Each structure stands twice: as structure tokens, then as C-alpha cells.
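The structure under discussion appears below in the form of C-alpha cells.
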2 protein chains.
Amino acid sequence: MFSKACEYGIRAATYIALQSLEGKRTSLKDIAKETDSPVAFTAKILQQLSKNKIVESVKGASGGFEIQKRNVQTIKLSQIVYAIDGDKVYHGCGLGLKECNGAKPCPVHDKFVGIRDGLKNMLETTTLLEMTTGLEVGLTYLKR
Amino acid sequence: MFSKACEYGIRAATYIALQSLEGKRTSLKDIAKETDSPVAFTAKILQQLSKNKIVESVKGASGGFEIQKRNVQTIKLSQIVYAIDGDKVYHGCGLGLKECNGAKPCPVHDKFVGIRDGLKNMLETTTLLEMTTGLEVGLTYLKR
DNA sequence: TTTAAATAGGACAAAAATATCCGAAATAAA
DNA sequence: TTTATTTCGGATATTTTTGTCCTATTTAAA
């Protein structure tokens with residue numbers, strides 16, 4: 001569904017959000033460990049998320065990554081996916097045709113539109129805050 | 001959503017089905033041309049589909065690929081996807097966790113299950129015959 | 001001021017996916 | 001029987017994705 005980079009990105013952002021809610025800034029090392037992701041690759045992804053204003057980075061000793069609490073409530077999964085994978089989730093044809101739309105559809109166009117809209121809707125309505133709620137009480141997990 | 005190989009595979013199988021309904025056997029060259037796919041790569045994919053009994057291949061002059069008419073009615077997209085991409089469409093976690101299930105879910109597990117079930121259901125209920133119906137009358141397309 | 005800890009970013013490496021090439025084998029037709 | 005056509009399958013090449021490494025820069029604390 002998503003690229004590995006995007007999966008790591010969502011997991012990282014979710015963990016940063018969780019820590020930020022507790023007023024903690026968190027380091028690359030911690031993030032990679034707690035999301036079971038490769039450290040150096042995660043670093044690249046966090047750079048992208050930082051450039052896209054999804055996370056804030058602080059250089060130097062006691063630096064790390066954080067997300068303003070008010071942003072934890074407003075940032076949607078769709079923003080993270082867009083920052084890393086672009087809009088191909090929304091605009092790609094299920095059968096890989098370059099042009100595929102209502103006027104000249106592939107044989108599964110209509111069916112795909114329904115499924116993709118479901119995914120799109122889910123991504124656009126799920127906030128980072130919502131991602132963290134189960135984690136706090138051990139109902140959901142970011143690794144394993 | 002699917003790999004390129006799988007997209008080519010679905011398009012190829014659909015074109016072969018369309019020709020088979022008209023009693024025509026079709027060659028690799030034709031298939032690649034009519035589905036706008038790379039010839040040699042399509043050959044590999046057709047080999048896989050042939051091994052998985054989704055298409056029948058006939059070697060030699062005037063050989064090519066075909067699908068028995070009764071099979072055009074019964075073969076589902078899910079079989080093609082499974083033959084090429086395996087079951088990762090069904091069993092993968094949206095965030096890439098190795099284990100992710102109702103007991104120990106990732107934060108988006110439940111939401112993903114819904115979307116994936118929609119996709120699964122679509123693949124399991126769409127036959128090759130259904131894929132071809134719009135093509136005959138120019139309502140749908142396999143290239144562009 | 002020095003040192004240690006941390007991110008930034010460029011260069012490089014490895015793995016996977018995508019794609020091509022070519023000789024072998026099969027088959028129909030000349 | 002020979003030839004042309006076609007798939008099969010192994011080897012190889014290219015591109016993209018995933019991943020690592022190293023140096024520079026920033027910053028807090030000693």
C-alpha cells in the first residue's frame with residue numbers, strides 16, 4: 001500500500017507525537033529503537049518530515065524531534081503520506097494506465113475509485129492524536 | 001497498490017480473455033502491443049500465469065495464449081494477483097509491522113482491515129468475463 | 001573554551017523490482 | 001525436411017527503493 005519509507009515515517013511521527021504529548025523531545029536513536037526501524041534510513045525520512053513542517057527538529061546536544069501539541073491534534077496521516085509518497089495513492093490507476101478517468105476508464109476504474117476513496121477518507125480524517133491514544137494504554141503497538 | 005508485474009498481468013489476462021471469447025488465440029507480441037506493456041517483461045509474467053493455470057500457452061508457429069471460455073467466466077482477479085504478488089495484499093500490516101492482528105494491532109489496524117476487505121472482496125468477485133464486457137463496446141480501455 | 005551529543009546532508013552500497021537479450025525447444029506450414 | 005514462428009527459460013542489465021557511512025554543523029553543558 002505505502003512505501004517502506006512511508007511506513008517508517010508514520011511510525012516515527014506517531015512516536016514523536018506520543019512523546020511530545022508528554023512534553024518530551026525525542027532523539028533519532030530512540031525513535032528508531034521504539035519503532036523498530038533502521039536508524040540512518042529513518043534519519044532521511046525525518047529530514048523530509050522536518051522540511052514539510054510535520055515535525056520540528058532541534059540540532060545539538062539535547063536536541064531531537066518534537067511536534068507542538070496543538071499540531072498533534074491537527075496533523076493528518078494524509079499529510080505524512082503526501083510528504084513521503086506524494087499523491088500517487090490518490091491519482092494512480094489500479095491497472096497502471098497513464099490516463100484513467102471516468103471518461104476513459106480501465107475495466108476496474110469505478111471499483112477502484114470506491115476503495116481509494118475509502119483509503120483517502122481514512123487518511124484525511126485520522127490525526128496523529130488519534131494514532132497515539134491506544135499506544136498510551138497498551139492497546140496498540142508501533143513495533144513487533 | 002499492485003506491483004507493475006501484477007498490473008501488466010491483469011491487463012494481459014484481460015486481453016487474452018477478450019480474444020478467447022472471440023475464439024482467437026493471441027501472441028505475446030499482440031498482447032504487449034494492445035496492453036502497452038514491455039514485450040519481454042510481459043513474457044515472463046505470462047509464463048507465471050501459465051504455470052498457475054490462469055492462461056494456456058501453445059508453443060510453435062500459430063501458437064500463443066488463450067483461456068478456455070468457461071474459465072473466462074470463473075477466473076477471478078484475486079487469482080491473478082495471488083499468482084504474481086502473493087498474499088501480501090491480504091496479510092500485510094498497513095504500517096509494515098511483522099505481526100499485526102486484532103490481539104496486538106498497530107494504531108490503524110481496524111481501519112485498514114476495512115479497506116483491505118473491500119479490496120479483497122472486489123478482487124474475489126470480479127471475473128475476467130466482467131473485465132472484458134466494457135472493452136468490447138469501447139466503454140473501457142486497456143491502454144492509454 | 002572545549003567537549004560531547006545531536007541533526008543535516010552528500011556520497012556511497014545493497015537489494016529488489018523492472019526490463020532486456022539470446023539460445024533452446026516446439027510446432028505449423030512451405 | 002526445411003523454414004518461419006512462437007513460447008520457454010536462463011543470464012544479464014537497468015532502475016528504483018532501501019539502507020549505510022561519514023563529515024559538517026549546531027548546541028548545551030562541563
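This structure is a prediction, so every number in the text was calculated from the model and none was measured. Protein chains get the first letters and strands the later ones, always in sequence-line order, with residue 1 at the start of each.
Closest approach to the Ala40(B) side chain among dT20(C), dA19(C), dG9(C) is made by dT20(C) (side chain taken as heavy atoms from C-beta onward). The listed nucleotides are dT20(C), dA8(C), dA5(C); the one nearest the side chain of Ser50(A) is dA8(C). The Lys44(A) side chain lies nearest to dG10(C) when the options are dT18(C), dA8(C), dG10(C). With dT6(D), dT7(C), dA28(D) as the candidates, the nucleotide lying closest to the side chain of Ser27(B) is dT6(D).
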Decide yes or no on side-chain contact (heavy atoms from CB on, under 4.5 Å) for Arg11(A) and Thr42(A), but give the supporting numbers first. CA-CA 10 Å; Arg11(A) 274 147 64 185; Thr42(A) 300; over 6 Å; no
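For the pair Leu46(B) and Ala5(A), nearest-nucleotide mapping onto DNA chain D gives the more 5' position to Leu46(B).
Rounded to an integer number of Å, the gap from Gln47(B) CD to dA25(C) P is 15 Å. The distance from atom CD of Gln48(A) to atom P of dT7(C) is 17 Å, rounded to the nearest whole Å. Remark: P of dT18(D) and CG of Asp85(A) are 8 Å apart, rounded to the nearest angstrom. For the pair Phe65(B) CZ and dC8(D) P, the interatomic distance rounds to 5 Å; values are reported in whole Å. Rounded to an integer number of Å, the gap from Lys4(B) NZ to dT17(D) P is 11 Å. For the pair Lys59(B) NZ and dT6(D) P, the computed distance is 15 Å after rounding to whole Å. Across the protein-nucleic acid pair, Ile16(B) atom CD1 and dT6(D) atom C1' stand 14 Å apart, rounded to whole Å. Rounded to whole angstrom, the span from the CG atom of Leu49(B) across to the P atom of dC8(D) amounts to 11 Å.
Taking 4.0 angstrom as the limit, Ser57(B) places a side-chain polar atom (N or O) nearer than this to OP1 or OP2 of dC8(D). At dT18(D), none of the side-chain N or O atoms of Tyr8(A) fall inside 4.0 Å of OP1 or OP2 (strictly under the cut-off).
Rounded to the nearest 0.5 Å, atoms NZ (Lys76(B)) and CG (Leu129(B)) are 10.5 Å apart. One distance of note links CG of Asn71(A) with OG of Ser20(A); it measures 9.5 Å at 0.5 Å rounding.
In the interface, the side chain of Lys51(B) is not paired with the base of dG9(D) through any donor and acceptor atom under 3.5 Å apart.
Between Glu66(B) and Arg25(B), at least one side-chain nitrogen of the basic residue sits less than 4.0 Å from a carboxylate oxygen of the acidic one, meeting the salt-bridge criterion.
With Met131(B) as reference, Thr14(B) is the one residue of Leu18(B), Leu142(B), Thr14(B) to meet the side chain to side chain contact (heavy atoms under 4.5 Å, CB included) rule.
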